[in-house]
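Quantities reported herein were computed from a predicted structural model and do not represent experimental measurements. First the proteins, then the strands, lettered A, B, ... as listed; each starts at 1. These numbers come from the heavy atoms of this one structure, side chains and all, not from hydrogens, waters or symmetry mates.
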Number of protein chains: 2
Amino acid sequence: MSTVDRALTLLDLFSESRPESGLSELARLAGYDKATTRRFLVALGNHGYVEQDPESRKYRLGAALLRLANVRETTFPVTDLVLPILNRLRDSTAETAHFSLVAGNSMATVMIAESPRANRVSLEQGERLPLHSTASGIAWLAFAPDKTVQRILAKPLKPLTSKTETDPERLRKQIETARVNGFAVADQSHEDDVHGIAAPVFNANAHSSGAIAVATPVSRVTPETAQQIQMAVHQAALEITNVLGGEPHKIFTNANKEAGQ
Amino acid sequence: MSTVDRALTLLDLFSESRPESGLSELARLAGYDKATTRRFLVALGNHGYVEQDPESRKYRLGAALLRLANVRETTFPVTDLVLPILNRLRDSTAETAHFSLVAGNSMATVMIAESPRANRVSLEQGERLPLHSTASGIAWLAFAPDKTVQRILAKPLKPLTSKTETDPERLRKQIETARVNGFAVADQSHEDDVHGIAAPVFNANAHSSGAIAVATPVSRVTPETAQQIQMAVHQAALEITNVLGGEPHKIFTNANKEAGQ
DNA sequence: AACCAACGGTTCAATTAATGAACCGTACAA
DNA sequence: TTGTACGGTTCATTAATTGAACCGTTGGTT
């Protein structure tokens with residue numbers, strides 16, 4: 001992992017639930033030395049990608065990101081294209097649908113279409129979730145480079161519920177199953193009472209860039225609804241891959257190449 | 001300049017008018033070796049901050065920026081706060097007002113409120129403009145760290161019109177005048193027939209983060225309108241500094257400290 | 001008020017990663 | 001066919017990154 005990679009990892013640590021962090025906190029989260037972390041933050045700050053509250057001395061994401069996101073959105077719109085697909089998925093399943101991008105070693109929820117029902121799964125935008133406990137994460141891992149999968153499996157797999165898979169070998173089996181099926185299922189492995197079905201989406205690059213998923217209260221899951229959701233999710237994933245300029249047929253041929261190498 | 005700094009500079013090269021670039025093009029623009037540039041792009045790509053078109057092999061900004069901008073905007077909104085001020089400035093002057101952030105060695109136009117008149121100055125969102133030829137750039141330089149000013153002055157000052165200041169010493173005088181006045185004037189120094197008045201805005205960090213400006217067709221500039229615009233721009237700059245959490249009274253005490261060092 | 005732990009930030013010799021000239025294969029135009 | 005420019009890669013040389021130890025400060029505990 002290059003120095004630049006490590007510096008960029010700091011940006012991935014920010015989310016809606018942790019919008020500000022102190023120097024030591026960031027160093028701890030990223031696993032870097034304080035001095036190193038600070039040099040990275042200064043470099044990021046020089047470009048406006050992070051800024052520091054002068055009172056609390058905490059760091060937060062910077063305003064320059066607005067410009068970049070703006071350029072990206074106006075020259076290659078995604079939100080406008082993905083949102084209708086997400087809404088249609090929500091409508092056809094009557095459950096909460098969400099679209100996630102991979103951010104470092106986790107999935108970041110980028111867009112959410114909430115179920116109209118009173119009893120529904122509610123998600124926080126921008127929230128970062130682990131790869132190993134979520135359907136989206138496993139769906140992404142299923143088509144991620146081997147090296148990445150190995151790196152994730154090598155780390156301790158933190159149990160979040162009693163059903164979280166913590167054994168690397170059994171998780172690898174789950175990932176392989178997801179690759180064969182084209183979608184992943186997470187039955188209460190991230191949160192009790194929540195059942196997730198996810199399929200990977202591919203952008204213009206060869207590898208998977210994220211996942212689309214439907215999260216259901218487990219009380220409503222039956223074999224019939226599950227299958228219906230699987231099909232809807234799979235269809236939506238293909239549509240998103242399409243608007244992102246990805247090539248779904250590459251799914252089974254390019255999954256084991258390391259990105260950009 | 002650190003390695004991380006150099007890598008981040010690549011992001012600053014993208015704009016609405018240059019949303020995609022090839023490897024050699026980026027290397028040339030940034031002044032790096034091709035191999036170095038590519039390693040940076042791979043690192044940026046690993047985090048989704050750039051992506052590559054598989055056909056043309058050109059690089060563009062990545063989708064992960066949307067997440068970061070989203071987190072930034074929802075936890076620390078700026079657009080919502082700045083836009084009304086910008087619109088009011090446009091209304092009170094009946095000229096095109098715009099808000100720019102510094103991006104590397106240039107100013108990036110982030111928000112625009114166009115004049116209602118038929119003959120007006122029209123700007124492109126996300127466009128990157130040089131520091132030395134624009135009112136916004138000079139306004140920002142007036143409160144930038146000395147080292148930064150020296151770095152800019154050391155580079156060749158590209159003439160864009162017959163009135164562009166290309167002599168480093170005379171430009172330094174202009175910058176000092178802007179510091180004393182609290183605003184900068186650019187009379188056709190960036191484009192013929194365009195007259196600009198800009199004032200710096202300050203964010204939560206000590207140094208200036210950008211500038212707000214009004215651009216006028218030179219035919220409408222009189223001493224009276226110029227003074228009216230100066231006052232309106234200055235007032236708007238104070239308001240924006242306020243909503244950004246900056247402290248305008250630090251202007252004259254912190255301008256000569258290098259950012260974050 | 002004395003103590004202590006944790007904070008943000010800094011220093012510099014030891015270490016490790018970045019660098020770039022030269023290279024390959026390819027695509028396209030003259 | 002030749003020439004040029006492209007994206008991408010290699011590896012000995014070089015230059016930057018690293019992190020333990022440090023400083024001063026803050027805020028809570030005894």
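- Taking B/Gln150 as the reference, B/Asp146, B/Arg172 meet the side-chain contact (heavy atoms from CB on, under 4.5 Å) condition, with sequence neighbours excluded.
- The main-chain N or O of A/Gly137 is never found under 3.5 Å from a side-chain atom of A/His132 such that the two would form a donor-acceptor pair.
- With D/dT18, C/dG8, D/dG8 as the candidates, the nucleotide lying closest to the side chain of A/Arg6 is D/dT18.
- Looking only at side-chain heavy atoms (C-beta outward), B/Thr109 and B/Ser100 come within less than 4.5 Å of each other.
- Counting only distance, with no hydrogens or angles, the side chain of A/Arg57 and the backbone of A/Gly22 share no donor-acceptor pair below 3.5 Å.
- One end of the helix from C/dA1-D/dT30 to C/dA30-D/dT1 points its axis 30° away from the other end's axis, with each axis taken from 5 pairs and the angle rounded to 10°.
- B/Leu26 places a side-chain heavy atom less than 4.5 Å from the side chain of B/Phe14.
- Sequence order on DNA chain C of the closest nucleotides to A/Ser2 and A/Ser56 puts A/Ser56 first from the 5' end.
- Considering only heavy atoms from C-beta on, B/Met107 comes within 4.5 Å of B/Leu131 through its side chain.
- Separating the CZ atom of A/Arg57 from the C1' atom of C/dG8 is a distance of 6 Å, rounded to the nearest angstrom.
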| Under 4.0 Å protein heavy-atom contacts per nucleotide of nucleotides 23-30 of chain C, with B for base, S for backbone only and - for none | --------

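- Listed candidates were D/dG8, C/dA18, C/dG20. Nearest to the side chain of B/Thr3 is C/dA18.
- Residues that satisfy the side-chain hydrogen bond (donor to acceptor under 3.5 Å, both in side chains) test with B/His190, not counting sequence neighbours, are B/Ser133.
- For C/dT19, the OP1/OP2 oxygens have a side-chain nitrogen or oxygen of B/Arg39 closer than 4.0 Å.
- If you measure from atom CZ of A/Phe40 to atom P of C/dA17, you get 11 Å, rounded to the nearest angstrom.
- For A/Arg38 and C/dG9, the shortest distance from a side-chain N or O to OP1 or OP2 is below 4.0 Å.
- Partners of A/Glu20 by salt bridge (Lys or Arg N to Asp or Glu O under 4.0 Å), not counting sequence neighbours, listed by chain and number: A/Arg60.
- The stretch residues 20-28 of chain B touches DNA chain D through B/Gly22, B/Leu23, B/Ser24, B/Arg28, each having a heavy atom under 4.0 angstrom from the strand.
- Between A/Tyr59 and the phosphate of C/dG9, there is a side-chain N or O to OP1/OP2 separation shorter than 4.0 Å.
- Between the side chain of B/Thr161 and the main chain of B/Asp192, no donor-acceptor pair closer than 3.5 Å is present.
- In this structure, A/Thr241 contributes its side chain and A/Phe202 its backbone to a donor-acceptor pair below 3.5 Å.
- Projected onto DNA chain C by closest heavy-atom contact, A/Met1 and A/Asp33 fall at different nucleotides, the more 5' of which corresponds to A/Asp33.
- The side chain of A/Thr36 lies closest to D/dT18, out of D/dT18, D/dG8, C/dG20.
- Looking at B/Tyr32 and B/Arg38, their side chains never come closer than 4.5 Å, going by heavy atoms from C-beta outward.
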